[in-house]
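Here the structure comes first, spelled out in structure tokens, and everything after it is commentary.
Side-chain atoms are counted along with the backbone in the values below, which use heavy atoms only and exclude waters and symmetry mates.
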Amino acid sequence: QVQLVESGGGSVQAGGSLRLSCVVSEVSFRIYYMAWFRQPPRKEREGVAAISPGGGITYYAESAKGRFTISRDNAKNTMYLQMTSLKPEDTALYYCAAAEVFGEFPNYFAPGAYNYWGQGTQVTCSS
């Protein structure tokens, strides 16, 4: 059973930064497409950023472009999300997700395309 464990959430003031981490208990971590999703209060889960197995391809939601950076360290089975210039609207429960994908992956922001999920880490940004 693949397990994903997020950490790094917290409470920050607007303009602050946080770095989320997601550790995956799977020796084949390097074959997984990985992504960060978030679910704001009373809203649908939405994709924030995604990264290819080798790390060479990244995708960002419009709301994340220029402020968030997704990365991964396959030697450590860990994915990261560096978040800067945080805004109150970034407040959400942030989840990491993994998809076993070979080849192209056009549905990188579709929650149903991911096989494994973490429990989430809360990010709260106050003005």
Between atom [atom1] of [X] and atom [atom2] of [Y], what is the distance when rounded to the nearest 0.5 Å?
X	Y	atom1	atom2	answer
Y95	L20	OH	CG	13.0 Å
I51	Y33	CD1	OH	9.0 Å
K65	Y59	NZ	OH	11.5 Å
C22	Y94	SG	OH	15.0 Å
S127	K87	OG	NZ	13.5 Å
M34	L81	CE	CG	11.5 Å

Could you tell me if the ring centre of F37 sits under 6.0 Å from that of Y114?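 Centroid separation for F37 and Y114: below 6.0 Å.
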Is atom CD of Q119 surrounded by more than 12 heavy atoms (other residues, nucleotides or ligands) closer than 6.0 Å?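 Not more than 12 within 6.0 Å, no.
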Give a yes or no answer on whether the side chain of [X] reaches the backbone of [Y] with a donor-acceptor pair at less than 3.5 Å.
X	Y	result
N74	P53	yes
N77	S25	no
D90	C125	no

Can you sort out the partners of Q122 under side chain to side chain contact (heavy atoms under 4.5 Å, CB included), two or more places apart, ordered by chain and number?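 Applying side chain to side chain contact (heavy atoms under 4.5 Å, CB included) to Q122 gives T91, L93, T124.
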Could you report the tightest heavy-atom contact between [X] and [Y], atom names first, then the distance?
X	Y	result
F68	V48	CD2-CG1, 3.6 Å
F105	A99	CZ-CB, 3.9 Å
W117	L4	C-CB, 4.1 Å
G120	E6	N-OE1, 2.9 Å
G47	A61	O-CB, 3.4 Å
G9	T121	N-OG1, 3.1 Å

Evaluate side chain to side chain contact (heavy atoms under 4.5 Å, CB included) for V24 paired with Y116, printing each intermediate quantity in order. CA-CA 10 Å; V24 181; Y116 307 103; over 6 Å; no
Option among T58, I57, V101 that satisfies the side chain to side chain contact (heavy atoms under 4.5 Å, CB included) test with S52: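 It is I57; the other options fail the test.
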Quick one: do W36 and L18 end up in the same hydrophobic cluster if we chain Ile, Leu, Val, Met, Phe, Trp and Tyr together by side-chain heavy atoms under 4.5 Å apart?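 Yes, W36 and L18 fall within the same hydrophobic cluster.
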Tell me whether M79 is reachable from V123 by hopping between hydrophobic residues (I, L, V, M, F, W, Y) whose side-chain heavy atoms are closer than 4.5 Å.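 Yes, one cluster joins them.
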I would like to know whether S126 and Q13 meet side chain to side chain contact (heavy atoms under 4.5 Å, CB included); could you show each step before the answer? CA-CA 5 Å; S126 57; Q13 296 283 328; 3.7 Å; yes
Quick one: does P111's side chain get under 4.5 Å of Q39's, heavy atoms only?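 No, their side chains stay 4.5 Å or more apart.
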Residues E46, R38; criterion side chain to side chain contact (heavy atoms under 4.5 Å, CB included); working and verdict: CA-CA 5 Å; E46 61 184 15; R38 68 185 183 186; 2.6 Å; yes
When you measure from the centre of the six-membered ring of Y80, is the NZ or CZ of R19 closer than 6.0 Å and no more than 45° off the axis?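 Positive - R19 is close enough to the ring of Y80 and near enough to its axis.
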